[in-house]
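Structure first, then comments.
Values in this document were obtained by computation on a predicted structure and should not be read as measured data.
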Amino acid sequence: MAKPSYKSLEVFESVARLKSYSKAAEYLCIDYTGVSKHIKSLESYYNLRLIGGVGRNLELTKAGEDIAERLRVGFEAINSACAVIRDNPKLEIKIPVTFGLRWFLESFPKGLLGDNVSFHIAWKHSVDFFVERFDLAITFSDQISDSYFYKERLVTVAKPDYLARLESGSTSNVNNLKEALFVSPSISKADWYTYFARSEINASILDEAEILIADSMNSALDIVERIGGITVVDILYVKDELNSGKLVTVFDYVVETGLGYKLECPKAMEDSTIYRSFYKWLCEHPLLVAPTKEINAPLKLIPWNS
């Protein structure tokens, strides 16, 4: 039997990634029947069931998952090769919104990766190199790991006049904060609960306080700086504000969450000079290595492995 066509492999990879025949058909600009025929052809070649279920219950079989992962890596390599040989290639790099706006763009040295670089500030903290045409991406992971170039370190901040009105000079009296506006960087309030749990502060205050939900740490900081409130953010983003007195810490703890940032690229770029140079700069930057050292305030770091 002849090997599967490139189109059949592309169709299967799309169905596996999108978990939908109809979405794959729309993505590839073919009809639903064409998608089904390509999948049947591929299953006939392997003499294996690759996809189980129908509609919203579509699932890959074990064999289907294995083939889909191999195809994903292969298509990433093809896309990367096409990018390398295109005329006047521009390096496209994806950066998370708060990391980009609050630190990266003003810190990154011009020329490190050449002159033809385009940075994309994005709300989504993950990347799919097959769908998104990026060469590199800084992503934030919600999985515990020791492999990040920067580990998230949370601190609680407010404007000094706002805090003074609430606390009469005490910066750690939880009872005096019951009337505060708590600004959460996400709808889950996970950052607040993690901060309270790791610093052993009673999280019941969140049940009594008014909470305003923001869509990022950048938005949370904008709210605090414009209308007041207390928020929890990465200390990397408020170094200058803390040192200038524009913001002050509410609790004197800096909490590592075990989460963090990593640099990702397609497989074909892992050994490239561009990737290695970028990764080296990120791993060696003083503020990413030890962000608390440049803060002129007595703060207690609670490391993740404590």
Problem set entry | Taking every non-hydrogen atom, the tightest pair across D191 and V232 | CB-CG1, 3.7 Å

Exercise. Can K94 and D128 be counted as an ion pair, charged N to O under 4.0 angstrom?
Worked result: no

Exercise. Can you tell me if OH on Y253 sees more than 12 non-hydrogen neighbours from other groups inside 6.0 Å?
Worked result: no

Problem set entry | Residues that Y21 engages under ring pair (Phe, Tyr, Trp, His ring centres under 6.0 Å), provided they are two or more places apart | Y32

Compile the donor-acceptor pairs under 3.5 Å between side chains in residues 103-113 and protein atoms, sequence neighbours left out, one pair per line.
{"from": "W103", "atom 1": "NE1", "to": "S107", "atom 2": "OG", "distance (Å)": "3.4"}
{"from": "S107", "atom 1": "OG", "to": "W103", "atom 2": "O", "distance (Å)": "2.9"}

Exercise. Between S216 and N218, does any side-chain donor sit less than 3.5 Å from a side-chain acceptor?
Worked result: no

For this session: Answer yes or no: is there an ion pair linking R70 with D66, defined by an N-O contact shorter than 4.0 Å?
Result: yes

Seminar exercise, completed: Distance col, row I235:CD1 vs E152:CD, nearest 0.5 angstrom, shows 12.0 Å

Problem set entry | Any donor-acceptor pair under 3.5 Å from S8 side chain to L42 backbone | no

For this session: Report yes or no: does N243 contribute a side-chain atom to a donor-acceptor pair with the main-chain N or O of N296 at less than 3.5 Å?
Result: yes

Exercise. Does a donor on one side chain and an acceptor on the other come within less than 3.5 Å for S204 and D207?
Worked result: no

Exercise. Hey, what do you get for OG (S272) to CD1 (I274), rounding to the nearest 0.5 Å?
Worked result: 5.5 Å

Problem set entry | Single-linkage hydrophobic cluster L287~V289, side-chain heavy atoms < 4.5 angstrom | no

Exercise. Sub-3.5 Å donor-acceptor pair from the side chain of E92 to the main-chain atoms of H120, do we have one?
Worked result: no

Exercise. Nearest heavy-atom pair of F12 and G64: which atoms, and what distance?
Worked result: CZ-O, 3.5 Å

For this session: Quick one: pull up CG in L154 and OG1 in T194 and give me the separation to the nearest 0.5 Å.
Result: 7.0 Å

Problem set entry | R198 (side chain) donor-acceptor with E256 (main chain) under 3.5 angstrom | yes

Exercise. For K37, does its backbone N or O pair with a side-chain atom of S41 as donor and acceptor, under 3.5 Å?
Worked result: no

For this session: Spell out, as yes or no, whether a donor-acceptor pair under 3.5 Å connects the side chain of R276 to the backbone of D271.
Result: yes

Exercise. Do other residues, nucleotides or ligands put more than 12 heavy atoms under 6.0 Å from the CG atom of D161?
Worked result: yes

Exercise. Would a line drawn from the ring center of F99 to the ring center of Y261 be shorter than 6.0 Å?
Worked result: yes

Problem set entry | V183 backbone acceptor or donor facing T231 side chain under 3.5 Å | yes

Problem set entry | Distance (rounded to the nearest 0.5 Å) between K40 NZ and S36 OG | 4.0 Å

Exercise. Does K19 use its side chain to pair, donor to acceptor, with the backbone of A16 at less than 3.5 Å?
Worked result: yes

Problem set entry | Cluster overlap Y237 with Y148, hydrophobic side-chain contacts below 4.5 Å | no

Exercise. When rounded to the nearest 0.5 angstrom, what distance separates CG in L259 from NE2 in H125?
Worked result: 12.0 Å

For this session: Kindly assign one of parallel, tilted or perpendicular to the pair Y279 and Y275, based on the angle between their ring planes and the thresholds 30° and 60°.
Result: parallel

Exercise. Any chance CD1 of I144 has more than 12 other-residue heavy atoms, nucleotides or ligands included, within less than 6.0 Å?
Worked result: yes

Problem set entry | Exceeds 12 heavy-atom contacts within 6.0 angstrom, atom CD of E225 | yes

Problem set entry | Under the side-chain contact (heavy atoms from CB on, under 4.5 Å) test, residues paired with S244 that sit two or more places apart | K246

For this session: Please check if atom NZ in K7 has more than 12 non-hydrogen atoms from other residues, nucleotides or ligands closer than 6.0 Å.
Result: yes

For this session: Please round to the nearest 0.5 Å and tell me the distance separating atom CG of L299 and atom CG of L242.
Result: 7.5 Å

For this session: Determine yes or no for a side-chain-to-main-chain donor-acceptor pair under 3.5 angstrom, with E43 supplying the side chain and L50 the backbone.
Result: yes

For this session: State whether E179 and R165 are salt-bridged, where the test is any N-O pair (Lys NZ or Arg NE/NH1/NH2 against Asp/Glu carboxylate O) under 4.0 Å.
Result: no

